[in-house]
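Proteins get letters first, then strands, A, B, ... in listed order; numbering begins at 1 in each.
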Amino acid sequence: MAEATANGLGQHALHAGHAHEAQATGIAHAEVHQEHPIKLYLVVWAWLFVLSTCSYLVDYFGFHGYLRWSLILIFMILKAGLIVAVFMHMAWERLALAYAIILPPILVLVFVTMMVFEADYTVFTRLAFFGAGP
Amino acid sequence: MAETALGHADRTASRPPGLRGIAADWSSDQRAFKNVSWGKAMMWIFLLSDTFIFGCFLLSYMTARMSTTVPWPNPSEVFALHLFGRDIPLILIAIMTFVLISSSGTMAMAVNFGYRHDRRKTAVLMLLTAALGATFVSMQAFEWTKLITEGVRPWGNPWGAVQFGSSFFMITGFHGTHVTIGVIFLLITARKVWRGDYETGKRGYFTGRRGQYENVEIMGLYWHFVDLVWVFIFAFFYLW
């Protein structure tokens with residue numbers, strides 16, 4: 001109830017039928033219920049197959065070094081983006097939700113940076129004090 | 001009353017879009033997520049916390065692999081299968097990837113048919129998703145069996161760095177557990193759809209609340225997340 005008034009809507013809006021409410025506020029019914037054409041899902045599905053095949057071929061053809069790593073990362077990010085944006089409908093959600101969910105995992109990269117330094121230090125001490133052995 | 005207020009609140013038309021919208025949605029004492037139900041918002045927040053769990057697993061794997069002075073076993077060779085008279089690298093993992101992506105596709109379509117109140121198609125697509133998920137877990141069980149018979153243990157393996165086994169079993173084990181739990185909940189939700197629980201407003205066994213077809217979408221969010229995690233595991237553990 002408190003929420004309803006905070007949203008600047010009278011109580012009548014809550015009792016109104018769903019379709020009527022959507023019509024009155026001028027929003028398409030589909031935006032709330034995340035209904036999208038089946039074709040969109042099939043296209044994304046096909047793209048996910050193509051990208052997975054590409055990332056498999058990276059290993060199959062035995063690419064090495066920076067070419068391999070950058071290709072793996074590009075295909076990974078494209079696949080993850082397609083799944084989150086279309087299959088999980090994040091592309092149609094309000095930014096308040098999208099930023100609340102998508103920004104925090106990006107901060108994991110800070111943790112990654114810290115652990116890269118830590119791992120470098122560990123391997124340095126291992127080599128310095130134990131020689132080449134484990 | 002409370003249920004209506006917490007359910008679908010599609011009152012976004014009068015609200016500002018973009019960055020200004022974030023400030024407006026989050027500011028003052030009100031609900032931040034305007035047009036998603038509590039169920040969907042909570043699933044997203046759970047998935048966010050799960051992201052950190054898998055993020056930490058992959059981080060610990062990265063740290064172990066970077067800090068060991070012993071060469072890391074080559075996943076391309078470790079996960080190769082001997083088929084048609086030759087070793088094909090990573091072939092089982094590639095098939096597992098395709099199986100999981102296909103299950104994501106059928107799940108997305110199940111969500112779509114759910115909102116169209118097509119009970120039959122929704123239930124069939126969800127059962128298909130569950131079947132593909134079960135196939136994935138079976139293939140993973142085969143993979144584990146193969147590696148264990150070849151001598152991979154959490155404390156060592158025949159090819160190199162000892163941390164390989166512990167990283168592999170922990171990461172894929174947790175992911176497999178997530179898939180298994182997903183399959184169980186897919187079957188439960190499919191049964192509810194088939195029985196018409198969301199049409200008749202039958203109360204749930206656990207929460208005692210009336211379900212809606214949005215429950216299928218929330219189930220879908222979890223399932224797509226499982227697929228999403230596999231994308232990262234495939235890239236970092238198997239391909240790197």
Heavy-atom proximity to chain A below 4.5 Å, by part of [X]:
| X | answer |
| --- | --- |
| Leu59(B) | side chain |
| Phe33(B) | side chain |
| Ser49(B) | neither |
| Tyr213(B) | neither |
| Phe52(B) | side chain |
| Leu47(B) | side chain |
| Ile101(B) | both |
| Val111(B) | side chain |
| Leu19(B) | both |

Leading residue by heavy atom contact count with chain A [cutoff under 4.5 Å; candidates [options]]:
| options | value |
| --- | --- |
| Leu58(B), Ile93(B), Ile91(B) | Ile91(B) |
| Thr68(B), Leu228(B), Val162(B) | Leu228(B) |
| Leu221(B), Ile45(B), Thr51(B) | Leu221(B) |

Under a 4.5 Å heavy-atom cut-off, does chain B meet the side chain of [X], its backbone, both or neither?
| X | answer |
| --- | --- |
| Phe111(A) | both |
| Val116(A) | both |
| Ala100(A) | both |
| Ile83(A) | side chain |
| Tyr41(A) | side chain |
| Leu42(A) | side chain |
| Val58(A) | neither |
| Thr53(A) | both |

Minimum heavy-atom distance between [X] and [Y], given as atom pair plus value:
| X | Y | result |
| --- | --- | --- |
| Ala32(B) | Ala96(A) | O-CB, 4.1 Å |
| Asp59(A) | Ser76(B) | OD2-OG, 2.9 Å |
| Leu48(B) | Ile101(A) | CD1-O, 3.4 Å |
| Leu97(A) | Trp44(B) | CD2-CD1, 3.9 Å |
| Ser52(A) | Phe98(B) | CB-CE2, 3.6 Å |
| His36(A) | Asn112(B) | O-ND2, 2.5 Å |

Are [X] and [Y] side-chain neighbours, meaning at least one heavy-atom pair lies under 4.5 Å?
| X | Y | answer |
| --- | --- | --- |
| Met114(A) | Thr63(B) | no |
| Met115(A) | Met66(B) | no |
| Thr69(B) | Leu127(A) | yes |
| Ser102(B) | Phe49(A) | yes |
| Leu73(A) | Phe236(B) | yes |
| Met109(B) | Trp45(A) | yes |

How about [X]: does its [atom1] atom have over 12 heavy atoms from other parts shown lying under 6.0 Å from it?
| X | atom1 | value |
| --- | --- | --- |
| Arg153(B) | CZ | yes |
| Trp47(A) | CH2 | no |
| His82(B) | NE2 | yes |
| Tyr99(A) | OH | no |

Measuring from atom [atom1] of [X] to atom [atom2] of [Y], what distance do you get when rounded to the nearest 0.5 angstrom?
| X | Y | atom1 | atom2 | answer |
| --- | --- | --- | --- | --- |
| His89(A) | Glu217(B) | NE2 | CD | 5.5 Å |
| Ile88(B) | Tyr60(A) | CD1 | OH | 6.5 Å |
| Leu48(A) | Thr97(B) | CG | OG1 | 11.0 Å |
| Asp227(B) | Met88(A) | CG | CE | 9.5 Å |
| Phe234(B) | Ser55(A) | CZ | OG | 4.5 Å |
| Arg116(B) | Ile38(A) | CZ | CD1 | 5.0 Å |

Between [options], the one whose heavy-atom pairs under 4.5 Å with chain B are most numerous:
| options | result |
| --- | --- |
| Pro37(A), Ala98(A), Ala80(A) | Ala80(A) |
| Val44(A), Ile72(A), Thr122(A) | Ile72(A) |
| Val112(A), Leu51(A), Val108(A) | Val112(A) |

Any salt bridge between Glu93(A) and Lys34(B), counting N to O under 4.0 Å? no
Is it the case that the side chain of Arg68(A) and the backbone of Leu239(B) share a donor-acceptor pair, with hydrogens and angles ignored and the cut-off at 3.5 Å? yes
Using atom types as modelled and distance alone, determine if a side-chain donor or acceptor of Arg126(A) lies under 3.5 Å from a backbone N or O of Ser67(B). yes
